[in-house]
Amino acid sequence: MIESFLIPVIAGAVLAVAKGKKMDDRKKIEKVFEKCLQKDDQEPVEFIRQRKYETYTEFVYRLPFYLSFSQIEQKQEHFENALNKRIEFSFDGMLRVKVFENELPEMFELTKEIIDRCKGWTIPTGIDQQGDIHFHDFDRIMHMIVAGTTQYGKTVFLKMLITVLAANHPEHVRFTLIDLKGGLAFQRFANLQQVVSVASDAQEALMALKHIKTDIEKRLKDFKAAGFENIRDSKIKERHFIVVDEAAELSPAGYKGQDKALRQECENIMSYIARVAGGVGYRLIYATQYPTSDVLPRQIKQNCDSKVCFRLQTAKASEVVLNEKGAEKLPFIKGRCIYLTDKPVILQAPYISNEFIDDILKPYKMEKRVSAIEHHSNEPPAPNGYTIEFK
Ligand SMILES: Nc1ncnc2c1ncn2[C@@H]1O[C@H](COP(=O)(O)OP(=O)(O)OP(=O)(O)O)[C@@H](O)[C@H]1O
Ligand SMILES: [Mg+2]
């Protein structure tokens, strides 16, 4: 009781000293030693060195004989209050004090202002430790893998991506949404003008993917005839995003006969999109909960140069997605992810609520529900209300 009452007093004393002159972390640590642990007539702790790491600074001290490590651990709260930072202690003959820099927030909500800051074909991927927002440009790196164990934020991330792109490019974005958890997660997008089709099982997925393949083949031919090398050479403003949630359901591994053949065909078309369709305006977003080499085909992985990886269960799964360990060590925080393009960075991904999605996308809702089957029977596959034309 007395202990907890004293904490603010001591922290206050340290802050009061700090007021006149800016006190650095080392001085604050030593002040807490002086006020809480050392005896006036005995030798103080001896500072050995300090070293800065990416997310924390480590201070090393030699303890005087009368101070035990457990006495110091008991004062952790005093140190943390004085520095206003998270601190970890360890002892290996020397006392090591790790002072963590300001941590990532556990919630980073998407706002209209952030959507407005997305230029071109970019989406926000999250906020970093310094408070900087990172953006992903789908015209620079065209395809993306989203991975993570269940309930860490894959579907929320996909819904955020769809919402931002639809809001910023209502005239030019098209979506094929493949939601293999029964179509529930993407149902609120089904009536969107920009959505070409929503597939909710492997059969519908194959139908939608076959359509896309036909479109791509035609576009490749048109590009060749026009002498374009890339969509940026053409006047085409449209981009078509194929968003697959729970892609493991489309993996042929573990299936037999017709079910296997159907999924094999889906996988072949997705690999084809990742391999050849980026240059003509198609983008594959491939999300999976089970990143094994079966579920994440080599060609898809090799051609998806951006990854958003939430917490994974094993280092092996992390290696499959990121080519290195690390995702298994992410904290148990929803939305915490590693965003990898040229180098990995730990971010808190933007959170988006269903209410916010509905609010942003209200202007683009239509009456009629679109499904892969409906779309399939209505040749040619014109997106609702507009067609892509070569100018
Ligand atoms: N960026 C985020 N920030 C904070 N909370 C989040 C974030 N993303 C998701 N969550 C929370 O986590 C829950 C699960 O998220 P989500 O449905 O996206 O997980 P998932 O990875 O798709 O899981 P599953 O594999 O079971 O489909 C959400 O309902 C939400 O409460
Ligand atoms: Mg999900």
Side-chain angles (χ1 to χ4, degrees), residues 103-115 117-118 122-129 131-136 144-165 175-190 198-202 205 241-251 284-292 294-296 304 306-314 317-318 320-322 327-328 330-340 344-358 360:
E103 294 197 348
L104 279 169
E106 291 192 12
M107 175 61 84
F108 168 52
E109 266 194 72
L110 187 74
T111 60
K112 287 187 178 156
E113 291 70 40
I114 299 172
I115 297 179
R117 281 178 60 186
C118 296
T122 64
I123 59 153
T125 45
I127 191 161
D128 68 16
Q129 219 160 11
D132 292 329
I133 301 176
H134 290 238
F135 294 89
H136 178 80
M144 179 179 271
I145 287 169
V146 179
T149 193
T150 179
Q151 291 299 297
Y152 274 91
K154 297 181 298 295
T155 302
V156 167
F157 186 84
L158 298 179
K159 294 199 296 189
M160 183 278 300
L161 174 152
I162 297 164
T163 306
V164 171
L165 293 170
F175 295 107
T176 291
L177 305 179
I178 301 179
D179 172 4
L180 297 154
K181 274 195 172 165
L184 294 178
F186 291 156
Q187 61 180 339
R188 59 187 356 90
F189 302 109
V198 181
S200 53
D201 58 34
F241 286 77
I242 297 102
V243 184
V244 188
D245 197 5
E246 216 31 84
E249 296 289 325
L250 288 185
S251 167
L284 179 68
I285 317 294
Y286 186 96
T288 181
Q289 186 187 136
Y290 306 105
T292 61
D294 278 349
V295 169
L296 194 49
C304 290
S306 61
K307 278 106 185 169
V308 171
C309 188
F310 297 92
R311 196 184 148 79
L312 286 168
Q313 257 155 1
T314 62
S318 179
V320 171
V321 180
L322 302 169
E328 79 287 0
L330 284 172
F332 295 92
I333 295 172
K334 290 172 190 288
R336 187 62 49 89
C337 63
I338 297 174
Y339 167 53
L340 173 68
V345 48
I346 298 178
L347 302 175
Q348 181 65 24
Y351 175 77
I352 191 166
S353 67
N354 287 336
E355 294 71 34
F356 188 62
I357 295 175
D358 293 344
I360 295 284

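Just follow the structure's listing: the first ligand is 1, and inside any ligand the first atom is 1. Numbers here are sequence positions counted from 1.
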Here the pair of heavy atoms bringing Glu328 nearest to Thr314 is CB-C, 3.6 Å
The answer for which part of Pro350 has a heavy atom under 4.0 Å from ligand 1 is backbone
To atom 16 (P) of ligand 1, the nearest of Gly153, Ala349, Ala287, Ser353 on a heavy-atom basis is Gly153
Counting heavy atoms under 4.0 Å, the part of Gln289 that contacts ligand 1 is side chain
Worksheet item: Looking at Phe332, is Arg311 sitting on its ring face, NZ or CZ under 6.0 Å from the six-membered ring centre and within 45 degrees of the normal?
Response: yes
> Does some non-hydrogen atom of Lys159 fall short of 4.0 Å from ligand 1?
Replying inline: no
Legend entry - Heavy atoms from other residues, nucleotides or ligands near OH of Tyr290 exceed 12 (cutoff 6.0 Å): no
Partner of Thr176 under side-chain contact (heavy atoms from CB on, under 4.5 Å), picked from Leu284, Val244, Ile242, is Ile242
Q) Hey, does the side chain of Gln289 reach the backbone of Ala247 with a donor-acceptor pair shorter than 3.5 angstrom? A) no
Among Thr288, Val156, Leu184, closest by heavy atom to atom 28 (C) of ligand 1 is Val156
Ranking Gln348, Lys334, Glu109, Lys154 by closest non-hydrogen atom to atom 21 (O) of ligand 1, top hit is Lys154
*Answer yes or no as to whether an N/O/S atom of Gln151 is found below 2.8 Å from the Mg ion (ligand 2).*
no
